[in-house]
Structure formats: C-alpha cells, structure tokens
Amino acid sequence: MAQPAAHLMHAYARQPVHFEHGQDARLWDSNGREYLDAIAGVAVTNLGHSHPEIAAVIADQATRLMHTSNLFGIAWQERLGERLCELAGMERAFFCNSGAEANETALKLARLHAQSRQIKHPAVIVMDNSFHGRTLATLAASGNPAVHRGFEPLMPGFVRAPFNQIDAVRELAAHNLDIVAVLVEAVQGEGGVHVASTEYLQQLRALCDEYGWLLMMDEVQTGMGRTGTWFGYQHADVLPDVMTVAKGLGNGFPIGACLARGRAAELFVPGNHGSTFGGNPLACRVGCAVLHIIEREQLPQRAGVQGQKLLAGLRRSLADHPAVAAIRGHGLMLGIELTAPCGELVTRALLDEALLISVTRERTIRLLPALIINDGQVAQIVERVSRLVHSWHAARESKRSLAHAG
Ligand SMILES: *Cc1c(COP(=O)(O)O)cnc(C)c1O
C-alpha cells in the first residue's frame, strides 16, 4: 500500500485520513481516533452520520425495489415531489442525482423559457463568486476563474453581475434584451459565505416580474434547513420560479431535485429531459424520510438557534483577533475570513484538533456542521477553531519577526 490512491484520478487534494464510521457529528478514523465534524460532508449529512432511521429505510427499500426507471410510475417519487413542493411553495419537481444536475435542469428550463418568448440567444444572469457545479454548463455559470480554468471555451449564455448589488442587475436589464433568468444562491457557500440581503432578493424578484425573467434560486447548499428556514429565500419572503436542492436532501444518499412553479413548471414535455437513475424508489424514499425527520425534530429552527450560539461564540473569542477580517453567516452556515490565505488550516484542524473544517476562497474558514449538533459540540467547535486561528497567527508572526531579524 505504498500508493493507496494510485488508481484514482487527481481531482482532489485529499487529507491524510480515512474515516471508518460515524455517529451524529462525530467520526472515527481507521486508527480509532475520534473527530468532531464541522462540515458534515459539505452540508450533506445534516441529520448526522449513520442516522439509524435512514439506514433502516435504505435497508428495507433495498429488499423491496431499488430501480425501475422513469418509464413507469414511482410512488415514492410522487410523494417526495408533493412534500417538497409544499415546503418550498413550488408546483412540480424533476428528480436527478446531484446539485449540478439539478442546476442543469434549471438552466434547461431557462432555455425553454427563452424559446417560448422567441429569444434566440438567451442569457442568464449569474453572480460573481457563485458556485453552481462542475458540469460544463454549471461551471460556466459559476463565478470563479479557478473552476473555469482549462475548460474553455465556456458555454455561452451567461452574463455576470456582482453579488448583492441590485444596480448592476438593473443596468444589465436596461441594455440586454436577451436576458431570460437570474440564477442566484441565498448564501454563497463556496464563494466565501456571503449572505444575500433580504432587499436584494426582493428587488431581484421585482425585476424578474417586471421583465418576465425566471428567478432561479440555487438552494443546493442552503436548502433543507441549513440557514434556519427550510430554504434560504424564505428569510426574504420571496418565491422563486425555479429552485434546486441536493446535498442535504438524501443525508448522504445521492439525490437532487429541480422544483418550479407557474409557467416554468409546465415547460418540459416528454422527451426533452430525463435521467436514468433520477428519482428512483430508493433515493426518493430516503428523501421522504429525511424530510420527515427534519420536520419532526424542527431542524430548521434548531439550525437557527445553534447557528446563533456558534456565531456568538466565534465572535466572542475571535472578533478582536488581528488575523480575523470578518465573521459572518446564516444559521449553521458560517465563515471566518482571515487576513491571509489559510488553506493549510484544514490539515492542521484535522491533525491537531481532530476537527473537520473547510476553507473556501483561500482565506475563509467555512463551518457547516450537522443541524443536530448539541451545545457541547458548538462550544468545542468554538474552542478548537479559536485555538487554530491563534496558533496559525502566532506561527506567522514569529516567522515574520525571524525574517526581519535575519
Ligand atoms: C455543492 C453545490 C453544487 C453542486 O452540487 P453537486 O452535487 O456537487 O453537483 C451546486 N450549487 C451549490 C450552491 C453547491 O453548494
């Protein structure tokens, strides 16, 4: 086992650890060491690892029926579609297997919307620093040059605006008659944890109404309770025309969905979109169980409460620290922006603090713990992250003074 990953493509910079089992917000590696998980598989295992009810549902459904294809009716898919639409204020769902696929579906709806309005070269407004996935369409939609690099020519049909600046969107509206939709996140996750303001989302809604555009919300990371409401746009009391979910919907079982209402919900006809695995009985039954547990345990509310505690704790111990530029977030989606690139903190956290964190946009520590974390775990995250930032800063300072002296 000199090179255990010799046969895996180099798409990821992996940490030097293999986890073997998990429970709630805790993980154990192959040496039996216990870790505290503050990223939940990147906003996926919101109910905690190895949730017993989810495990039981998977086992039971696997013995009954896993897959038949969308050539036939699928009762669990109908049920999940109905429940999701109820919660999201939408009318119809299309099921797929990931966030990128859900966004591809939304972008295809935007193209069909354009066609229905006789717009030949449609454009979708997307935001700087956005992230929508790694397929060719969704990477082109993403506002991050690092995601684009090497994959040019990018798919055409996107125009970009700075996030949270409604005037820039108004400016585009005034000059570009080909715009058909806006795609936006309620909180930019990969983009460094930036929260869309309530006014911004409401003004986007108003512009979409004025110009006949589709308002499309990417709720892949923010959805399923993470920000303190079922979906991020509910904080702003707006309703999109199209929205996408994935990550937390299956608690680790792959599933994604694109939901729509109004005209947008009627655009697909048999033959113009599809997915072999999408919406199979197993995935959809898991989705139903996840919704049931989120509802029963009032997890959106809990994410709001625990998120406030985590934010307050981080601010108490880090707000005045010279290496901290900002601490921000919504619910259990939090970012601590440092004054310099700090990617090495992911490894330091793992090895020194037995803590899983992520770093986005080079200098923002991102925390996305399971929505079920308890007060003790919140306090532990604060304590361990604070210690990390302090020692990271101290090491930089002593290096700097050494360089100065030498
Ligand atoms: C993770 C993410 C995606 C992509 O989801 P995949 O399941 O990895 O394809 C899209 N949009 C947002 C906002 C995300 O956080």
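Indexing begins at 1, ligand by ligand and atom by atom, following the structure's order.
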| remark: Residues pairing under side chain to side chain donor-acceptor pair (under 3.5 Å) where one sits in residues 87-99, two or more places apart or in two chains, turn out to be Arg92-Glu266, Asn97-Glu101, Asn97-Ser275, Ser98-Glu101
| said: Around atom CZ of Phe19, are there more than 12 heavy atoms from other residues, nucleotides or ligands closer than 6.0 Å? | reply: yes
| Listed once per pair and sorted, the side chain to side chain donor-acceptor pair (under 3.5 Å) pairs that draw on residues 133-145, sequence neighbours left out | Glu104-Thr135, Thr135-Thr138
| message | If the criterion is any heavy atom closer than 4.0 Å to an atom of ligand 1, which residues make the list? | response | Ser98, Gly99, Ala100, Asn103, Phe131, His132, Gly133, Glu185, Asp218, Val220, Gln221, Lys247
| query | Which word best sums up how the rings of Tyr200 and Phe163 line up, parallel for under 30°, tilted for 30 to 60°, or perpendicular for over 60°? | reply | perpendicular
| Taking the six-membered ring of Tyr35 as reference, does the NZ or CZ atom of Arg33 fall below 6.0 Å from its centre and within a 45° cone about the axis? | yes
| said: For residues 319-352, which residue pairs pass the ring pair (Phe, Tyr, Trp, His ring centres under 6.0 Å) check, not counting sequence neighbours? | reply: His235-His330, His321-His390, His321-His393
